[in-house]
Amino acid sequence: MDVKPFTFGYAELRTATNDFDSSNKLGEGGFGPVYMGTLEDGRVIAVKQLSVTSHQGKSQFVAEIATISAVQHRNLVKLYGCCIEGEKRLLVYEYLENKSLDQALYGKKSLNLNWPTRFDICLGIARGLTYLHEESRLRIVHRDVKSSNILLDSDLIPKISDFGLAKLYDDKKTHISTRVAGTIGYLAPEYAMRGHLTEKTDVYAFGVVALEIVSGRPNSDSSLGEEGAFLLDLAWDLHEKDREIELVDSKLSEFDAEEVRRTIGVAFLCTQTSPVARPSMSRVVAMLSGDTDVSTEVSRPGYLVDWKFNDVSTLMSQIEQGTTDPTLYDSCSSTSIVADAMPSQRERQTHPMLQDNGE
C-alpha cells in the first residue's frame, strides 16, 4: 500500500522559519541549508532547503520521500514530510536540541560529554547504521556518514540525518559533487577514487567518527603540527607504541580503559584498506557491546594522501572526471586494489592525508 508523506505549504514553512531568517539557520550540509522553525501547533522543526536540483518529477520525488519517511529507528532522525512548490523542494525533520556531534565534541559551544555518554553515542550510531544496512525493508547506504550528520536529542541519543537523500539525485552527480571539503577525511578510498559504493563505505566513515568520539577532535587539524594533524595516523602510531590510551580526549578525567581500547580496535577494523576486511555494522555492534572479540589482526588504515593537490576542489573536480592518479590511494598493504606500486611508509610520511577544512 502506497503511503503519501505529509506535505507542507511553502508559505507555512516560510512563516515557521520567519522567512528563513539567518538567525534560525542551523547549518549547511551537502544538500542545502537547514533552518529551525515553529509550526502553528507549537512543534519545533528543522527545515532543509534542497539546494541541488533533483532530477525527479514531483510524483517520483514524493514517492521517494514516502519511502525515506517510512524508515524509522531510535537512532535515525525522523522525517515529518516535504514541501514541493514549483522548483522548490524542502524537507521537514524533527528538531534536535543538542545539534550535531561535531559541535558537541569540538565546536565553539562544545558539550561536556563524559565517557559513558560518548560510548553510548558510538553504539547508537552503529545501531542506526546496522538498521539502514541490514534491518530496514530497504537497504540504504548513507554515503555521507560524518560527525556533522549525527544529531543529538535532549537526552543525547544520537540520530543519523540525511540518510536516503542520495536516492533523490543522479548517482554520477552525487558521488562527489554535492560533497563539501569537510567530508574528505571520512571518504573510503575505494569510493573516492573509483566510485565503488557498498555498505563498507559507511563502515569506513563510522571508524573515523568513532576515533573523533574517543579523542574529542576532528579527523584532521593542521594546528596540531605534522605529527598530530591526522587522526588516523596519530591513532595508529600510538597503537604501534602500545599507547592507545593517550588518544583519549584530555577533557575526560575518568573513562573505561577497556571500552576505549575496544572502540579504537573497532575503528581500525572499520578503516582497513580493503572493504572486504571491514566488518559489517551488526558485527561492529557486537564487538562494541562485548559480545564478540575485537580482532587484533589489523594493518595500518587506508586513506587519501595529498600528493599533488593544494586544494580539495581540484581533487573533487578530477575525481568527477575520472582523471585522478591512483597513487593518491594510501595503504600500508603490500598490494592495493587501486594501484600495484605503492610508496614506502617513509616516503608517505612527507605526504599527509588531504586537509579537512570542516564545514
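Numbers for residues simply follow the sequence, beginning at 1. All figures in this text were calculated on a predicted structure; none of them were measured in a lab.
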The criterion is side-chain hydrogen bond (donor to acceptor under 3.5 Å, both in side chains); which residues satisfy it with Asp120, sequence neighbours excluded?
none
Crowded around Asn112 CG? As in, over 12 foreign heavy atoms under 6.0 Å?
no
Return the set of residues passing side-chain hydrogen bond (donor to acceptor under 3.5 Å, both in side chains) with Ser280 (not counting sequence neighbours), or none when no residue passes.
Ser282
Quick one: side chain to side chain contact (heavy atoms under 4.5 Å, CB included) partners of Ala229, sequence neighbours excluded?
none
Listed partners of Asp19 passing salt bridge (Lys or Arg N to Asp or Glu O under 4.0 Å), at least two apart
Arg14
Does His133 have any side-chain hydrogen bond (donor to acceptor under 3.5 Å, both in side chains) partners at least two apart in sequence or in another chain, and if so, which?
Asp202
Are Lys146 and Tyr186 in a cation-pi setup, meaning NZ or CZ lies under 6.0 angstrom from the ring centre and within 45 degrees of the ring axis?
no
Checking Ser100 now: which residues fulfil side-chain hydrogen bond (donor to acceptor under 3.5 Å, both in side chains) with it, not counting sequence neighbours?
Asp102, Gln103
Nearest heavy atoms of Asp237 and Arg300, plus distance in Å
OD1-NH2, 3.1 Å
So which pairs with a foot in residues 151-162 pass salt bridge (Lys or Arg N to Asp or Glu O under 4.0 Å), sequence neighbours left out?
Lys48-Asp162
Can you tell me which residue pairs pass the ring pair (Phe, Tyr, Trp, His ring centres under 6.0 Å) test with a partner in residues 205-227, sequence neighbours excluded?
none
Linking Ile, Leu, Val, Met, Phe, Trp and Tyr by side-chain heavy atoms under 4.5 Å, what else ends up with Val44?
Leu26, Val34, Met36, Tyr95
Non-neighbouring partners of Tyr106 that pass ring-ring contact (aromatic ring centres under 6.0 Å, His included), sequence neighbours left out
none
Can you pull out every salt bridge (Lys or Arg N to Asp or Glu O under 4.0 Å) where at least one residue sits in residues 36-45? Sequence neighbours excluded, please.
Asp41-Arg43
By the ring pair (Phe, Tyr, Trp, His ring centres under 6.0 Å) test, which pairs, at least two apart or in different chains, include something from residues 239-286?
Trp236-His239, Trp236-Phe268, His239-Phe268
